[in-house]
S.K.: 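I have a structure I would like to understand better, so I am pasting it below and will then ask my questions one at a time.
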Amino acid sequence: MNYLAHIYLAQHSDKAMLGALLGDFVKLKDTALYHPEIQADIHLHRLVDSYTDSHPIVLQAKGLFQDQHRRYSGILLDIFYDHVLSQHWPQHSPAPRQELIARFYAALQEQSKIVLPDNLQAALPRMLSQDWLGSYHEFDGVRIAVERTSQRLSKNGDLLRSGLDDLQSNYVALSEGFQEFFPELIHYIAEQRRQMPG
């Protein structure tokens, strides 16, 4: 869900950024269908998710959600963290945010010549026309992304949507937590990249 953060962590190449996105769409058994550089970032995407889900700051953040929303706190935080990254972009990157997003969209359209999973192929026109990555900059974009995600749930979409209240009521604490957590994630992924073969 946190597409912007994944792409930020993979911005060194277009194939890496594509792999960072595909991590949410490609089944493990299908990873071998892709270029090795794409494969590497599909793998790193999963490491990012595991690291994030088990990090003490993120676990503490999940504890701020009301009981009925806690089941969906991971989804809500993923989307919200992209918002915080967007809001504080200059602290993390000298390159303009919209420049990286435009580069990613161009790479995604170019790479669409390869076989994309059906669910990504279906989402691609909306991702581009609605500027999913750019829209997270405003909280309304978070709201829209949560609404969109809730429609894909088989049940309890209303609980995901009402979890937006927890994001708003804990906005400062959650934002500060992300600002503390994200540099640690950057360092962790840099270490993982150094240990990868090739």
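It should be emphasised that the depicted structure is a prediction, and the values quoted were computed from it without experimental measurement.
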S.K.: Would the number of heavy atoms belonging to other residues, nucleotides or ligands and lying under 6.0 Å from CG of Asp118 be above 12?
M.R.: no
S.K.: When you measure from the side chain of Tyr105 to the backbone of Leu133, do you find a donor-acceptor pair of N or O atoms at a distance under 3.5 Å?
M.R.: yes
S.K.: Leu59, Ile57: one ILVMFWY side-chain cluster at the under-4.5 Å cut-off?
M.R.: no
S.K.: Closest heavy-atom contact between Ala20 and Ala10?
M.R.: CB-CB, 3.8 Å
S.K.: Is the shortest side-chain heavy-atom distance between Phe65 and Tyr72 below 4.5 Å?
M.R.: no
S.K.: As a quick check of understanding, evaluate side chain to side chain contact (heavy atoms under 4.5 Å, CB included) for Gln11 and Phe104, giving each step before the final call.
M.R.: CA-CA 8 Å; Gln11 62 185 292; Phe104 167 71; over 6 Å; no
S.K.: Is there side-chain contact between Tyr8 and Trp89, with heavy atoms separated by less than 4.5 Å?
M.R.: yes
S.K.: Hey, is the main chain of Leu47 close enough, under 3.5 Å, to the side chain of Ser50 for a donor-acceptor pair?
M.R.: no
S.K.: With a 4.5 Å heavy-atom cut-off, do Arg143 and Gln168 have their side chains touching?
M.R.: yes
S.K.: Verify side chain to side chain contact (heavy atoms under 4.5 Å, CB included) between Asp82 and Ile79, making sure each step is shown before the conclusion.
M.R.: CA-CA 5 Å; Asp82 266 2; Ile79 298 169; 5.9 Å; no
S.K.: Would you find a donor on one side and an acceptor on the other, under 3.5 Å apart, between the side chain of Arg97 and the backbone of Leu85?
M.R.: no
S.K.: So how far is it from His6 NE2 to Asp78 CG, rounded to the nearest 0.5 Å?
M.R.: 6.5 Å
S.K.: Taking side chain as C-beta onward, heavy atoms only, is Ile189 less than 4.5 Å from Val48?
M.R.: yes
S.K.: Could you see if Ile7 belongs to whatever hydrophobic cluster contains Phe25? Use Ile, Leu, Val, Met, Phe, Trp, Tyr and a side-chain cutoff under 4.5 Å.
M.R.: yes
S.K.: Just by modelled atom types, is the Leu64 backbone N or O under 3.5 Å from a matching donor or acceptor in the Asp166 side chain?
M.R.: no
S.K.: What's the spacing between Glu180 CD and His55 NE2 if we round to 0.5 Å?
M.R.: 7.5 Å
S.K.: Please report the interatomic distance CZ(Arg71) to CG(Leu159), rounded to the nearest 0.5 Å.
M.R.: 8.5 Å
S.K.: I would like to know whether Gln130 and Ile144 meet side chain to side chain contact (heavy atoms under 4.5 Å, CB included); could you show each step before the answer?
M.R.: CA-CA 10 Å; Gln130 298 169 12; Ile144 291 166; 5.6 Å; no
S.K.: Does the side chain of Leu185 reach to within under 4.5 Å of the side chain of Leu9, using non-hydrogen atoms?
M.R.: yes
S.K.: At their closest point, which heavy atom of Leu22 faces which heavy atom of Pro117, and how far apart are they?
M.R.: CD2-CD, 3.7 Å
S.K.: Heavy atoms only: give me the nearest Pro125-Gln121 pair and the separation to one decimal.
M.R.: CD-O, 3.4 Å
S.K.: Rounded at 0.5 Å granularity, tell me how far OG in Ser135 sits from CE in Met127.
M.R.: 10.5 Å
S.K.: Please determine whether residues Met196 and Ile42 belong to a single hydrophobic cluster, defined as Ile, Leu, Val, Met, Phe, Trp and Tyr linked transitively by side-chain heavy-atom distances below 4.5 Å.
M.R.: yes
S.K.: So which heavy atom on Arg70 is nearest to which on Lys62, and how close?
M.R.: NE-O, 3.4 Å
S.K.: Could you grab the distance from atom CG of Leu164 to atom OG of Ser150, nearest 0.5 Å is fine?
M.R.: 9.0 Å
S.K.: Is it true that Tyr51 and Leu28 fall in one hydrophobic cluster, defined by side-chain heavy atoms closer than 4.5 Å?
M.R.: no
S.K.: Could you list all the salt bridge (Lys or Arg N to Asp or Glu O under 4.0 Å) pairs where at least one residue sits in residues 30-59, not counting sequence neighbours?
M.R.: Asp41-Arg193
S.K.: Between NE2 of His69 and CZ of Arg161, what distance do you get to the nearest 0.5 Å?
M.R.: 11.0 Å
S.K.: Below 4.5 Å, heavy atoms only, C-beta onward: do Asp24 and His45 meet side chain to side chain?
M.R.: yes
S.K.: Compare all side-chain heavy atoms of Leu76 with those of Val142 and state whether any distance is below 4.5 angstrom.
M.R.: no
S.K.: Please name the pair of heavy atoms, one in Arg148 and one in Trp132, separated by the smallest distance, quoted to 0.1 Å.
M.R.: NH1-NE1, 3.2 Å
S.K.: Tell me, do Ser175 and Phe80 make a side-chain contact under 4.5 Å, heavy atoms counted?
M.R.: yes
S.K.: Look at the side chain of Asp131 and the backbone N and O of Gly134, then say whether any donor-acceptor pair between them is shorter than 3.5 Å.
M.R.: yes
S.K.: Evaluate the criterion side chain to side chain contact (heavy atoms under 4.5 Å, CB included) for residue pair His83 and His137; output intermediate values, then yes/no.
M.R.: CA-CA 5 Å; His83 166 68; His137 192 68; 5.7 Å; no
